Amino acid sequence: MGSSELLASDEEGIAKRLWKKFKNERALALYSPFAVCLAAGTLNPKDFIHCISQDVYFLQAFAHAYELAEQYVDDEEDKEAISGLRKGVLKRFRNQDSLIREWGFEPPKDTTCDAATVKYTEFLAETAAGKVGEEKFSVKIVTPFEKTKLAAYTLSVISPCMRLYSFISKEIQARLDPDDGEHIYKKWLNSLSSLKFEASASRIEDLLDKLSISLTSEELDIVERLYHRAMKLELDFIWAQSIVQPSIVPCSRLLNNLEDNLILFCDFDLTCTAVDSSALLAELAIITTTNGSVPMPFADIRTTWRHLFSQYIEEYQQCVESIIQDEAGTDISLQAEGLDYEGLFNGLKKISGFEKRANARLIHSNVLKGLNLADIKRAGERLNFQDGCKKFFHNVVENKICSTKVHVLSCCWCSDLIRSAFSSGNLNALNIHSNDLVYQESISTGGMIMKMECPIDKLQAFKDVTSEIHGRPLKIYIGGSLGDLLCMLEADIGIVIGLSAGLKTVANHFGISFIPLFSCLITKQRELAESGSINCKGTSSTLYTVSSWDEIYAFILGQ
């Protein structure tokens, strides 16, 4: 999102748009050892006290920044609003010890300012004083409007800090039992998710929005850079917190540094990618025909593709419906009690038969004839991935902490397309298991070497890989379609990204339940604290959901 996008929407202010843009940092904060141990209620109280002891330095920095910002604005209403924020900060500073006692802890006798705290507070102080990146604005010589700019810059550094803590506390609170009075950090979490704290965070965002309205695109870029830098510094602070006990996150650090101690399996289409590869190959085939490379009328091939896709969708839906209906044709898709693995396996065998018939029709139609391998590779290199996916795999491959093997299991028609898609991210180390087009001098004959057509093929590939591994590595499968269900259940941790209504309906019918990955980690952190070990598999009927690759990145790799 550049400055033009920040200016584009009148419905949301810049504060909310920036908060949404930097969602990666939010996930990293939530999946930090500090936040997970805090949510589990197993965080060592000394570590907690040390963390909140840093509040005094943050509050002092906020108060000084607000004092300068109040001087910069010339609108009386803005002055009053900033003054109110400063008074609130000073009140909290004076009452810090009593607040800590209200939360159930004894205030620390001595505090020292941590290095991560220093970096954020110095950044805020420099920004409020007029030093913005390489630019310095002298308050004595700038115009009133330029002073207002400095107020906006100052608030852009404070805003993400407040919103981040509000977000973390609400996410944790949403996963705790409201009647559980044993959680020792509940009062503190209540204070951060309270209406009062939310109102304060919203006032800062509203002021930032108001002060940014008249800024130029270049000045909005500065606001964005400051906001992002402040967010990252706050994230560094959270990850710098000392945790004495073992933490389940990031899982790559929890594992022993042994060969093949983590095996990642992943689907490709619409799990890694933003579009289905079959649609991309179809479009490429149509373009090839248009260029005259294949002796088939343009209208005929487009009609053929349209017919193949519509027939596929119709029959696929019928197949799925038959799986969740009894012999009388009655819908029985309500949540089953306990995992019916045999029923699921037999149901997915129906899907497998359907997929093989559909592929046979595709090959018989000859619509993939004439595709040039070079064109396929170029199309793969330009294939759009889900946000954060390529970065995740690149860092997994480069990760020095944990030895990891990555296997991509896909029913894509062309493994060359997958390899070229990943090659643009320097990810040639990934193991690709998929189908292959048949070529004659780099030109597709229209035939296909079928290696992985269906859910049963994926499961067999999963078992083949794991059977060759010595020891007990942690097996994680990331998927999002019906074809991935069996593999996700066989894995130690099955992660569903982008849970669709169809997948949920079929899975529930066979007794599979879904819970957010973060909720799972809270439970596993308690388990780790109580017994010193974890059972990653847990109940075989449970899969874990995430909304983005950022969560997967944070869970496995951390910061």
Side-chain angles (χ1 to χ4, degrees), residues 266-290 293-294 296 298 300-320 348 351-386 389 408-422 432-439 443-458 461 479-485 497-498 500 502-503:
C266 186
D267 180 33
F268 181 67
D269 283 316
L270 302 180
T271 295
C272 293
T273 66
V275 296
D276 194 290
S277 63
S278 60
L280 179 64
L281 288 169
E283 188 62 32
L284 192 59
I286 292 171
I287 292 172
T288 300
T289 302
T290 306
S293 303
V294 179
M296 180 185 291
F298 171 71
D300 288 354
I301 191 171
R302 184 173 288 279
T303 300
T304 301
W305 274 113
R306 188 181 297 117
H307 176 71
L308 286 170
F309 279 130
S310 61
Q311 186 176 5
Y312 178 91
I313 293 170
E314 181 181 352
E315 292 185 7
Y316 179 83
Q317 188 60 42
Q318 291 173 354
C319 188
V320 170
L348 291 179
I351 295 286
S352 297
F354 154 74
E355 293 283 7
K356 290 182 178 182
R357 291 192 298 273
N359 284 333
R361 284 198 301 267
L362 174 77
I363 295 171
H364 180 73
S365 69
N366 237 14
V367 289
L368 292 173
K369 184 177 181 179
L371 289 179
N372 190 303
L373 179 58
D375 292 338
I376 291 173
K377 289 182 176 180
R378 278 193 292 270
E381 290 169 359
R382 296 192 293 268
L383 188 60
N384 289 329
F385 275 67
Q386 300 280 359
C389 178
V408 177
L409 275 56
S410 173
C411 293
C412 173
W413 298 327
C414 181
S415 62
D416 293 305
L417 180 74
I418 300 177
R419 289 190 183 90
S420 62
F422 279 117
I432 309 299
H433 307 263
S434 188
N435 305 300
D436 291 310
L437 293 178
V438 178
Y439 301 100
I443 302 298
S444 170
T445 65
M448 200 181 305
I449 301 173
M450 308 309 301
K451 301 177 181 178
M452 191 169 297
E453 298 185 80
C454 59
I456 307 302
D457 290 346
K458 278 194 173 186
S481 69
L482 281 180
D484 301 313
L485 268 178
I497 182 167
S500 67
L503 175 62

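The analysis underlying the following values was restricted to heavy atoms, covering all of them including side chains, and did not include hydrogens, waters or symmetry mates. Remember, predicted model here, so these are calculated numbers, not experimental data. For this chain, numbers begin at 1 and follow the sequence in order.
Contact between M452 and S434 at its shortest, heavy atoms only, is CB-CA, 4.5 Å. Of all heavy-atom pairs between D269 and C412, the closest is OD2-CB, 4.0 Å. Between T445 and Y439, the closest heavy-atom pair is CG2-C, 4.2 Å. Nearest heavy-atom pair, V275 versus L270, reported as atom, atom and distance to 0.1 Å: C-CD2, 3.6 Å. The two atoms that bring G447 and I363 nearest to each other are CA-CG2, 4.3 Å, heavy atoms only. Considering all non-hydrogen atoms of both residues, N366 and G446 come closest at OD1-CA, 4.0 Å.
No donor-acceptor distance shorter than 3.5 angstrom exists from the side chain of N359 to the backbone of K356, with no hydrogens or angles considered. Distance alone, capped at 3.5 Å, places no donor-acceptor pair between the Q386 side chain and the C272 backbone.
Distance CD1/I443 to CG/D375: 8.0 Å, rounded to 0.5 Å. A distance of 10.5 Å separates OG of S352 from CZ of R357, quoted to the nearest 0.5 Å. In this structure, the separation between CG on L281 and SG on C414 is 6.0 Å, given to the nearest 0.5 Å. Note that CZ of R361 and NE2 of H307 are 7.0 Å apart. Values are rounded to the nearest 0.5 Å. With rounding to the nearest 0.5 Å, the separation of CG in L437 from CD1 in I376 is 5.0 Å.
Neither side chain, S310 nor R306, offers a donor N or O lying under 3.5 Å from an acceptor on the other.
Between F385 and F422, the distance from one ring center to the other falls under 6.0 angstrom.
Residues W413 and L371 fail the side-chain proximity criterion, which asks for heavy atoms closer than 4.5 Å.
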Inset, instruction - Apply side chain to side chain contact (heavy atoms under 4.5 Å, CB included) to T288 and N372, showing your working. - result: CA-CA 8 Å; T288 300; N372 190 303; over 6 Å; no

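The only option from V367, L362, I286 that meets the side-chain contact (heavy atoms from CB on, under 4.5 Å) definition with T304 turns out to be V367.
Between D484 and K458 there is a salt bridge, since a side-chain N of the basic residue sits under 4.0 Å from a carboxylate O of the acidic one.
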